[in-house]
Amino acid sequence: MVFKSKNFCIVLSSPSGAGKTSISKQLIKKDKHIALSVSCTTRPKRSGETNKRDYIFLTDHQFDNGIKKNEFLEFAKVFGYRYGTLKHTLNNFFNKKKDVLFDIDWQGFQQLKQSNLEVVGIFILPPSKKELINRLKTRARDTKEEMKKRMDLVQNEISHFPEYDYVVINEDLKKCVNQILNIIESERLKKSRLINLTKFINKFRI
Ligand code: 5GP
């Protein structure tokens with residue numbers, strides 16, 4: 001490409017069970033210009049999760065300290081635990097000229113939109129309510145109580161879809177990932193993001 005695109009933030013949000021984690025993993029595998037932001041959380045580590053790879057697991061005290069020191073780009077309470085993105089994470093990836101992918105909820109998305117960052121919001125939906133309930137049940141990563149809490153919150157999360165720029169249905173993982181890659185590629189071509197565009201266009205002057 002003749003000109004490069006200004007880096008931006010890509011936010012993926014969805015109700016639990018829409019497949020965001022698998023989608024995110026595929027996206028960073030397929031597009032080397034995307035980096036995944038690893039969030040901080042106060043929720044307990046699930047089996048199979050690794051500190052700093054899946055989340056940066058913090059105590060409440062450590063999380064409070066991060067807030068006090070103004071280290072968070074955004075943070076929110078989700079399912080009774082706190083989750084947040086460190087400013088340092090974003091700066092680090094932008095310095096490496098990567099677009100940054102965030103798997104965060106609607107509250108975090110709203111905070112990012114209110115900042116002066118360039119943010120593209122993509123809302124992922126499961127293909128049907130029945131499928132969503134099935135996925136939540138078969139995940140079995142959480143306690144029954146937590147499952148119920150998540151199902152109750154699904155309605156609230158879905159109600160925020162109009163705030164996003166795109167809505168993608170995850171019926172087929174491969175198709176869904178390709179659709180998101182196409183969105184990202186198109187966003188990179190937005191003329192407001194193209195660096196040196198004017199300089200390039202001026203070359204065509206006779
Ligand atoms: P889980 O505990 O299942 O990994 O994530 C629960 C919810 O928290 C998901 O909807 C996820 O997108 C959201 N989440 C994860 N990290 C962050 C974050 O840094 N900020 C915000 N606002 N939400 C997050």
- prompt: Between E157 (side chain) and W106 (backbone), is there a donor-acceptor pair under 3.5 Å?
  reply: no

- request: Mark yes or no for whether E74, through its side chain, and T85, through its backbone, hold a donor-acceptor pair below 3.5 Å.
  value: yes

field: Side-chain heavy atoms of T89 within contact of V38, under 4.5 Å
entry: no

field: Considering all heavy atoms, the nearest S192-K6 contact
entry: O-NZ, 3.3 Å

- request: Please tell me if the side chains of N7 and V100 come closer than 4.5 Å, counting only heavy atoms from C-beta onward.
  value: no

message: Quick one, I10 and L27 - any side-chain contact, counting heavy atoms below 4.5 Å?
response: no

field: F93: ring-ring contact (aromatic ring centres under 6.0 Å, His included) partners, not counting sequence neighbours
entry: none

query: In Å, rounded to the nearest 0.5 Å, how long is the span from OG of S14 to CG of L125?
result: 8.0 Å

field: Pairwise distance CG(D60) to CG(N65) - rounded to 0.5 angstrom
entry: 11.5 Å

- prompt: Counting distance only, does the side-chain N/O of K113 pair as donor-acceptor with the main-chain N or O of E163 below 3.5 Å?
  reply: yes

field: Hydrophobic cluster identity match, I158 and I122, side-chain contacts under 4.5 Å
entry: no

query: In terms of hydrophobic clusters joined by side-chain contacts under 4.5 Å, are L101 and V119 together?
result: no

message: Is it true that, when you exclude K30 itself, more than 12 heavy atoms of the residues, nucleotides or ligands shown sit nearer than 6.0 Å to its NZ?
response: no

- request: Please check if V167 and V154 belong to a single hydrophobic cluster, counting links between Ile, Leu, Val, Met, Phe, Trp and Tyr side chain heavy atoms closer than 4.5 Å.
  value: yes

- prompt: So among D64, T42, T41, which one has a side-chain hydrogen bond (donor to acceptor under 3.5 Å, both in side chains) with R82?
  reply: D64

task: Output the distance between atom CG (L189) and atom CD (E187), rounded to the nearest 0.5 Å.
output: 9.5 Å

- prompt: What are the two closest heavy atoms between P127 and I169, and how far apart are they?
  reply: CA-CG2, 3.7 Å

- request: Report yes or no: do L86 and F102 belong to one cluster of Ile/Leu/Val/Met/Phe/Trp/Tyr joined by side chain heavy-atom distances under 4.5 Å?
  value: no

message: Tell me if a side-chain donor or acceptor on K87 pairs with a main-chain N or O of N70 at a distance below 3.5 Å.
response: yes

- request: Please name the pair of heavy atoms, one in Y164 and one in G121, separated by the smallest distance, quoted to 0.1 Å.
  value: CD2-C, 3.6 Å

task: Please name the pair of heavy atoms, one in N51 and one in Y55, separated by the smallest distance, quoted to 0.1 Å.
output: OD1-O, 3.3 Å

- line: When rounded to the nearest 0.5 Å, the distance separating CG of L12 from CG of D105 is 12.5 Å

- request: Take I23 and V168 through the side chain to side chain contact (heavy atoms under 4.5 Å, CB included) test and state the conclusion after the steps.
  value: CA-CA 11 Å; I23 295 169; V168 177; over 6 Å; no

- prompt: Can you name the one residue among F75, F57, F63, Y83 that meets side chain to side chain contact (heavy atoms under 4.5 Å, CB included) with C40?
  reply: F63

- request: List for me each residue that meets salt bridge (Lys or Arg N to Asp or Glu O under 4.0 Å) alongside K20, sequence neighbours excluded, and say none if there are none.
  value: D103

- prompt: Given the rule that I, L, V, M, F, W and Y join up when any side-chain heavy atoms are under 4.5 Å apart, are F72 and Y81 in one cluster?
  reply: no

message: Quick check on H33: does its NE2 atom have over 12 non-hydrogen neighbours (other residues, nucleotides or ligands) under 6.0 Å away?
response: no

- request: Report yes if the side chains of S115 and L73 come closer than 4.5 Å at any heavy-atom pair, otherwise no.
  value: no

Side chains of Q110 and H160 in contact at under 4.5 Å (non-hydrogen atoms): yes

- prompt: If every non-hydrogen atom of D54 is compared with every non-hydrogen atom of T50, which pair is closest and at what distance?
  reply: OD2-N, 2.6 Å

I'd like a table of donor-acceptor pairs (distance under 3.5 Å, sequence neighbours excluded) in which one partner is a side-chain atom from residues 176-184, with atom names and distances.
unit_1, atom_1, unit_2, atom_2, d
N178, ND2, K174, O, 3.4
N182, ND2, N178, O, 3.4

- prompt: Is there a side-chain contact between F8 and R188, using heavy atoms and a 4.5 Å cut-off?
  reply: yes

message: To the closest 0.5 Å, what do you measure between CG (L132) and CG (N170)?
response: 11.0 Å

- prompt: Is it the case that more than 12 heavy atoms not belonging to E171 sit under 6.0 Å from its CD atom?
  reply: no

task: Output, in order, the C-alpha distance, side-chain angles, deciding distance and verdict of side chain to side chain contact (heavy atoms under 4.5 Å, CB included) for C9 and F94.
output: CA-CA 9 Å; C9 306; F94 273 2; 4.0 Å; yes

message: Quick check: closest heavy atoms across I124 and P15, and the distance to 0.1 Å?
response: O-CD, 3.5 Å

message: Keeping D99 on the side-chain end and I34 on the backbone end, is there a donor-acceptor pair under 3.5 Å?
response: no

query: Salt bridge check: are R43 and E49 linked by an N-O gap of less than 4.0 Å?
result: yes

